[in-house]
J.: 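Sharing a structure below in structure tokens format, with a few things to ask.
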Amino acid sequence: MHNSQNISETRDFIMSQTDYRPTIGLILGSGLGTLADEIVNPYKIPYSEIPHFAKSEAIGHANELIIGELMGKTVVAMKGRFHFYEGFTLDEVTFPVRVMKALGVENLIITNACGAINTSFSPGDLMLITDHINLVGTNPLIGPNNDELGTRFPDVSQVYNLDLRNIASAVAKEQNINLQEGVYAWWSGPAYETPAEIRMIRTLGADAVGMSTVPEAIVAIHGNMKVLGISCLTNMACGILDQPLSHDEVIEVAALARDKFIKLVKETITRM
Ligand code: HPA
């Protein structure tokens with residue numbers, strides 16, 4: 001569990017660098033970081049310069065915190081996130097969420113690239129996350145609870161906020177963006193799933209599978225933030241098609257979905 005003093009030190013560092021006071025947070029997944037380029041008058045801070053932040057080396061990620069204006073709102077965006085599979089602890093993976101909350105962020109948009117398990121979905125589709133399944137066997141809140149940050153036993157009956165989901169759905173409809181909805185299963189990685197594992201995960205009730213998002217969402221709920229989760233389905237999950245998976249394909253397909261993803265998120269932010 002995070003230490004309040006570390007969070008305050010990081011918040012104070014960021015507030016000493018910029019006068020921006022963000023109310024919306026964005027965590028940008030693999031291949032989706034270009035949304036951060038839409039931020040007007042951006043103030044950028046490399047993670048390596050931020051006290052108490054871990055350093056990420058995942059391919060496809062830029063590793064900068066970007067603060068500025070987007071659609072008239074003040075936002076803070078993570079271009080690149082920390083993954084459990086990189087060897088970071090879940091405290092390291094989720095620390096930026098605590099910092100966002102301390103900066104004044106109430107609404108957090110978490111995005112990712114993931115594999116489609118539901119066979120009515122297609123690569124390149126976007127998916128609104130309605131709920132999640134934690135398959136990793138650990139939880140970012142394990143350890144003594146810091147009561148200043150949240151309650152010991154948080155309610156997770158609505159992790160992905162219904163009001164925010166309704167806004168995103170309405171935007172998608174108006175903008176003619178095909179927005180799927182479904183349950184996201186968190187897989188540790190870094191190996192993709194086997195065909196047998198995908199059959200298991202489908203049986204368990206998931207529509208998509210990926211290696212991020214769930215720890216950040218749990219910590220955001222613990223911190224009483226509202227969460228919106230948007231996935232880019234970059235591939236059919238392993239074994240659905242007779243072809244191997246590759247990270248290059250994930251990045252390529254995410255880039256193809258870029259324009260509609262940016263449109264969806266920007267217009268949703270306008271109405272938040
Ligand atoms: N599985 C897990 N993570 C992923 C996938 C996948 O098929 N595609 C992109 N991230």
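Note that the structure is a prediction, hence the values are computed from the model and not measured. Counting from 1, the numbers follow the sequence of the chain as shown. Values below: all heavy atoms of this structure, side chains included; hydrogens, waters and symmetry mates excluded. Both counts, for ligands and for their atoms, begin at 1 and track the order of listing.
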J.: Provide, line by line, the atom pairs where ligand 1 and the protein bring an N/O atom each to a distance under 3.5 Å; else say none.
T.:
unit_1: ligand 1; atom_1: 1 (N); unit_2: Glu193; atom_2: OE1; d: 2.9
unit_1: ligand 1; atom_1: 1 (N); unit_2: Glu193; atom_2: OE2; d: 3.1
unit_1: ligand 1; atom_1: 7 (O); unit_2: Asn235; atom_2: ND2; d: 2.9
unit_1: ligand 1; atom_1: 8 (N); unit_2: Gly115; atom_2: N; d: 3.4
unit_1: ligand 1; atom_1: 8 (N); unit_2: Asn235; atom_2: OD1; d: 2.7
unit_1: ligand 1; atom_1: 10 (N); unit_2: Ala113; atom_2: O; d: 3.3

J.: Which pairs, with at least one residue in residues 130-171 and sequence neighbours excluded, count as a ring pair (Phe, Tyr, Trp, His ring centres under 6.0 Å)?
T.: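 Residue pairs passing ring pair (Phe, Tyr, Trp, His ring centres under 6.0 Å), neighbours aside: His132-Tyr160.
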J.: Using side-chain heavy atoms (C-beta onward) and a distance below 4.5 Å, is Thr213 in contact with Arg81?
T.: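 They are in side-chain contact.
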J.: With sequence neighbours left out, what residues match Asn145 under side chain to side chain donor-acceptor pair (under 3.5 Å)?
T.: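 Applying side chain to side chain donor-acceptor pair (under 3.5 Å) to Asn145 gives Asp147, His222.
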J.: With sequence neighbours left out, what residues match Arg271 under salt bridge (Lys or Arg N to Asp or Glu O under 4.0 Å)?
T.: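 By the salt bridge (Lys or Arg N to Asp or Glu O under 4.0 Å) rule, Arg271 matches Glu174, Glu267.
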J.: Taking Thr151 for the side chain and Pro154 for the main chain, is one N or O donor matched with an acceptor at less than 3.5 Å?
T.: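 Answer holds: no.
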J.: Indicate yes or no: at least one non-hydrogen side-chain atom of Met272 is less than 4.5 angstrom from one of Lys226.
T.: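 No - every pair of side-chain heavy atoms lies 4.5 Å or more apart.
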